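Both ligands and their constituent atoms are indexed starting at 1 by order of listing. Here the structure is a predicted model, which is why all the values come from computation and not from measurement.
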Amino acid sequence: MLRYLPVRRIHARQILDSRGNPTVEVEVTVGEGVVGVNGYTARAMVPSGASTGKFEAVELRDGDKEKYLGLGVERAVANVNTKLSEAVLGENALNQSLIDHLLIQADGTDNKGSVGANATLGVSMAVARAAAMALRIPLYQYLGGCRTLKLPVPMMNILNGGKHADNTVDLQEFMIVPAGADNFPDAVRICAEVYQHLKIILKENNLSTAVGDEGGFAPDVKDTRDVLELMARAVQKAGYIPGSDIYFAVDAAASELYDEARGVYYFPGESRMKGEEVYRDSGEMIDYFESIIEDYPVISIEDGLEEDDWEGWKLMTDRLGKRVQLVGDDLFVTNIKRLSCGIRLGAANAILTKVNQIGTLSEAIDAVTMAQHAGYKAVISHRSGETEDPFIADLAVALNAGQIKTGAPCRSDRNAKYNQLLRIHENLGELAVYENPFTGFL
Ligand code: PGA
Ligand code: ZN
């Protein structure tokens, strides 16, 4: 029989995220004794996106323009402190599936539109952390069990564009992926070294070294090829070999570039830098990625096409899916309904997993499990609006995901995750596994 560890207290408050916008923090106390005497209290903080997919679960915002420009989350906080507390108090914290089921039920909609996914997720994560605490085991082990040995390969976003910066770079994220490293600490070191060399190179070229939302630099660069060129130089300057020690990855966040009325993708930065309007249709986007793959060691492309273009995604996967990882972020939104559709069609070959896209831990874990069973890869991801909560670091290890995307090796909201993974690596000792997830690609 399941041990009984009752949820004794739930309390939410409004805090600030890395962009200075409000978000939800939840504290949960579990245990059979008296609250505050022999209970275990844990806390979790909810992240928030900027380039959000239109099929994501609802992030409840107050809309009161007098406060935080309408971005307050006092309603979501109140929902935790009333409806969600009523649903979960007294229930067994060791039964995460039941807890999450009750949260979903208390909301009662398809998309958490009633209480807010920011409310449900805060409770879901804090319950898991409190349960792990009460059992006196690390969170990754609680979530993953006894076969959790794999440290994820980091995808570090060292150059920011799109909605995450005010520069001319149209694709949202340019990442370095140290898949050839020997272990996780080496991977972090290599990325940090490349990051610092990129900073020196940008300075030498009179380009800005100010950073975007995810800690990567945000200079005005002419186009994607110029960005990849700068990155290749930084990798070489740091003493590494592009394509062997380090791969590149991009997140095009193409839904943000899509001009629905005209049915094409518009590149505003490239247009500005070139003095002519640059548009690409779905087929030209695939050509564009193909030509980049030819010339640079790009191993992973996320959201190369927009979130409704299933046909285009299938075509892109047919054309490029054997050579590179094609990650569905806005396409799948960590939702098993959309993922199963993609698997059936053969669209993409990997899923990006963001816990707040769906609103409970169990549903996010279901998505990763479904992906893994279908031979899709899974990348655990932060949001552009983050907090100091390193929850996703433990989650990545727990799910043997093999990849994590959590920004540049800069800004404490990003490094909180890498630093937690360094601790987990140390904790696992000799048993820690670090391996190249891309060996299957041609
Ligand atoms: P977001 O960006 O958190 O702003 O959605 C991250 C991503 O698109 O992967
Ligand atoms: Zn994305």
Total protein N, O or S atoms, the Zn ion (ligand 2), separation less than 2.8 Å: 3
Side-chain H-bond candidate by donor/acceptor type, [X] with [Y], under 3.5 Å:
{"X": "Glu306", "Y": "Ser255", "result": "no"}
{"X": "Arg383", "Y": "Asn356", "result": "yes"}
{"X": "Gln172", "Y": "Glu302", "result": "no"}
{"X": "Tyr279", "Y": "Ser271", "result": "no"}
{"X": "Tyr296", "Y": "Glu229", "result": "yes"}
{"X": "Gln420", "Y": "Arg423", "result": "yes"}

Is the distance from the ring center of Tyr195 to that of Phe217 below 6.0 Å? yes
Are the ring centres of Phe174 and Phe248 closer than 6.0 Å? no
Carboxylate-amine/guanidinium contact Glu74 Arg61, below 4.0 Å: no
Enumerate the protein residues lying less than 4.0 Å from ligand 1, judged by heavy-atom distances, in chain and residue-number order. Gly49, Ala50, Ser51, His164, Gln172, Glu173, Glu214, Asp251, Glu302, Asp329, Leu352, Lys354, Arg383, Ser384, Lys405
